[in-house]
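Here, residue 1 is the first one in the sequence, and each next residue gets the next number.
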Amino acid sequence: QIAGPQLVCPIDNARYILNATNARWGSLLDAFYGTDVLPETEGLEKGRKYNPARGAAVFAEVHKFLDLAFPLASGSHADATGYAVQDGAVLVTLADGSTSELVGAAGATFSGYTGSPDSPSGLMLHHNGLGVEILIDRDHPVGAGHGAGVYDVQIESALSTIADLEDSVAAVDADDKTTCYRNWLRLMKGELTASLGGDRGVRAQTRDSIYTSPSSQQEMIVPRRSLMLVRNVGMHRYTDAVTLSSGEEIPEHVLDAVMTSLAGLHDLNGTDVLMRNSRHGSIFIVKPKMHGPEEVAMNVALFDRVEDELGLPRHTLKMGIMDEERRTSANLGACMEQARDRVCFINTGFLDRTGDEIHTSMEAGAVVPKAQIKSSTWLSAYEDNNVSVGLNMELAPGRGQIGKGMWAAPDNMADMMKAKIAHPEAGASTAWVPSPTAATLHALHYHYTSVLDVQNSMLAARAGETETERAAALSKLLTPPIMPAEHMEDLKLNADEVTRELENNCQSILGYVARWVGQGVGCSKVPDIDGLQQMEDLATLRISSQHLANWLHHGVCTPEQVDAVLERMAAVVDQQNAGDAAYNPMSTDVATSFEYQAARDLIFQGRDAPNGYTEATLGMYRRKVKEACGPGGAETIVA
């Protein structure tokens, strides 16, 4: 029912997943101070020590936000010298001695407070359903410098988080899967902790907090943790973590469904009201890489069996549907109908969807350069279709999330703030961000735009959509991003441009595969060919490897060119990782480097890889690394 950001986090890293689950709230002051959203112009540099001038500029931005979402009857929050609660409302004393009531913008409410009414320590406000918390303490080092004693403004940020067993995790055997399941179990029990190293202490899950309602004076619970969903692996993967009596491996997604649901029982049966994940007795499982309604129906049947096995009421297990394969995109409504009593979330996983589009179009022709795929006809139609179908199937408003994909540049928040507001403006009720700080900043977009109003307007506008219009939209969705032979000259792909495309792809593949295979890291910031940090996971790997496989198949480049670029880029990636003691260099002997050979196989065998998936190749080489390290050796490298 609330629109806001979503995180995706590898479940095998306890510290990361704790950061994510505790990211329900974030400091707006920290988000502005520590990122490029506030430019480091002369005098406003972050520096090594606190810069009072930058701090003042941060407060100026925060006051602007408060004036936008929670305006006063007169004056500005910048002029506040005191906050109080009187007759169920917030009364603000201003610098000139006058008082002004907080009236709020449309969709704004005063929800609660902590401390005494005449001198509150916290004010809980809501706007467009999202919480905003003004924290007050005149003895705090920051509060002492603020007219009203405000030392922080916390805003509700990552409403939900997907704990990921799939694209961001490198789990290849029973030991790896046990780590993942153990972290999910402890998360559901409210017991997950992680050492911060040295004498910095231990991080744990944040407990919900208590506020006093200004109208009834009754206690109200404020959720402090992100709602946790868990993404199981795709149906194409098998595991030897459990085998049949014949020794055959079992479908890994079946094991995931059983184990993550079993762990979820601890949340459903928990008695600590301040540590609950689901408030209505549900376990939320995101299903990736399903190809059309038949596979959705198969997973619905699997969920039925798991519920029966665990003694759960029917439809306890809710399903998130990743719209990331062409057959699902073209039949999204039918997919949702199959899971009508379970679906709680749909999402445009545009990175995997791009990889699938390239593989599906493999025989149709050479695809355009990667940068041009972003402006392809099918991609905009795909993004529009996901929201449209979600609304038509009554997932929203109010029943579930309609999501958009990841911002992959975690250090570039200024550009994110310019670009990602397009997601709520398009009617999406959530979108992926790469960090808790990014979630706090992206949350502002949901204050600037009422997603509920956008969705209602879209429903009204599309009520009269004709069959002809729907057919045209489907035709756009099914338009492959290929270069017609007669237009090859128009694209002006000269030799230098082909080489640059090869270098970008090869460097990206090697940079990610080196950590996946060599260190068991499934998702991380990886420098691109220009040294800019990019979030990489299996989805981005699928795009790059399929792109090169397609160009090889259609003669845009030769095997010799690709091999030459791979060897050059191996040296570049080695240099980029020179400061990492756990990194295994590739360029010294590419013939014996498991990481290099894995990257090469993903390209040269990409055309024959089912759906262009990368996990089989990566898993094979990762197991070789672990075997070469000996018992416990691989774990030492990862640590």
- Task: Report the C-alpha distance between H146 and Y151 in whole Å, list the side-chain angles of each, state the deciding distance to 0.1 Å, and finish with yes or no for ring pair (Phe, Tyr, Trp, His ring centres under 6.0 Å).
- Result: CA-CA 7 Å; H146 186 273; Y151 70 88; over 10 Å; no
Return yes if a side-chain donor-acceptor contact under 3.5 Å exists between [X] and [Y], otherwise no.
X: D152; Y: S27; answer: yes
X: D574; Y: Y583; answer: yes
X: Q86; Y: E101; answer: no
X: R225; Y: T21; answer: no
X: Y211; Y: E133; answer: yes
X: D453; Y: N456; answer: no
X: D164; Y: S168; answer: yes
X: W25; Y: Q154; answer: no
X: H126; Y: T109; answer: no
X: N22; Y: R203; answer: no
X: S213; Y: Q218; answer: no
X: D267; Y: N277; answer: no
X: Q401; Y: S160; answer: yes
X: D67; Y: S76; answer: yes
X: S524; Y: R515; answer: yes

- Query: Should Q205 and E191 be marked as a side chain to side chain donor-acceptor pair (under 3.5 Å) after you check the CA-CA gap, both sets of side-chain angles, and the distance that decides it?
  - Reply: CA-CA 7 Å; Q205 292 168 252; E191 299 174 355; over 6 Å; no
Exceeds 12 heavy-atom contacts within 6.0 angstrom, atom [atom1] of [X]:
X: R186; atom1: CZ; result: no
X: Q575; atom1: CD; result: no
X: E45; atom1: CD; result: yes
X: D87; atom1: CG; result: no

[atom1] of [X] to [atom2] of [Y]: how many Å apart, nearest 0.5 Å?
X: L268; Y: I283; atom1: CG; atom2: CD1; value: 4.5 Å
X: M124; Y: S111; atom1: CE; atom2: OG; value: 7.5 Å
X: L351; Y: D167; atom1: CG; atom2: CG; value: 9.0 Å
X: L102; Y: L125; atom1: CG; atom2: CG; value: 6.0 Å
X: N128; Y: I2; atom1: CG; atom2: CD1; value: 11.0 Å
X: L441; Y: H445; atom1: CG; atom2: NE2; value: 8.5 Å

- Message: I'd like to know whether H63 forms a ring pair (Phe, Tyr, Trp, His ring centres under 6.0 Å) with H77, so could you lay out the CA-CA distance, the side-chain angles of the two residues, the decisive distance to 0.1 Å, and finally the verdict.
- Response: CA-CA 6 Å; H63 290 145; H77 287 273; 7.4 Å; no
So which heavy atom on [X] is nearest to which on [Y], and how close?
X: A396; Y: I402; result: CB-CD1, 3.8 Å
X: G82; Y: A148; result: N-CB, 3.6 Å
X: L165; Y: C180; result: CD2-CB, 3.3 Å
X: S435; Y: L7; result: O-CD2, 3.4 Å
X: M322; Y: N347; result: CE-OD1, 3.6 Å
X: S195; Y: R15; result: O-CD, 4.4 Å

Can you find a pair of side-chain heavy atoms, one from [X] and one from [Y], that are under 4.5 Å apart?
X: L395; Y: I346; answer: yes
X: T212; Y: Q217; answer: yes
X: E324; Y: P288; answer: yes
X: L18; Y: L192; answer: yes
X: T99; Y: L94; answer: no

- Message: Determine whether D256 and Y181 satisfy the following criterion, side chain to side chain donor-acceptor pair (under 3.5 Å), listing intermediate values before the conclusion.
- Response: CA-CA 8 Å; D256 278 357; Y181 294 148; 2.5 Å; yes
- Derivation of the side chain to side chain donor-acceptor pair (under 3.5 Å) call for D415 and N412: CA-CA 6 Å; D415 283 351; N412 192 344; 2.9 Å; yes
- Item | Intermediate values then yes/no, salt bridge (charged side-chain N to carboxylate O under 4.0 Å, His left out), R231 and E166 | CA-CA 7 Å; R231 182 163 65 173; E166 195 223 8; 3.2 Å; yes
- Query: Does NZ or CZ of R54 come closer than 6.0 Å to the centre of the six-membered ring of Y33, within 45° of the ring's axis?
  - Reply: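 Checked: cation-pi criterion met.
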- Task: Apply salt bridge (charged side-chain N to carboxylate O under 4.0 Å, His left out) to the pair D208 and R279, showing each step before the final yes or no.
- Result: CA-CA 12 Å; D208 293 345; R279 283 155 178 78; 2.9 Å; yes
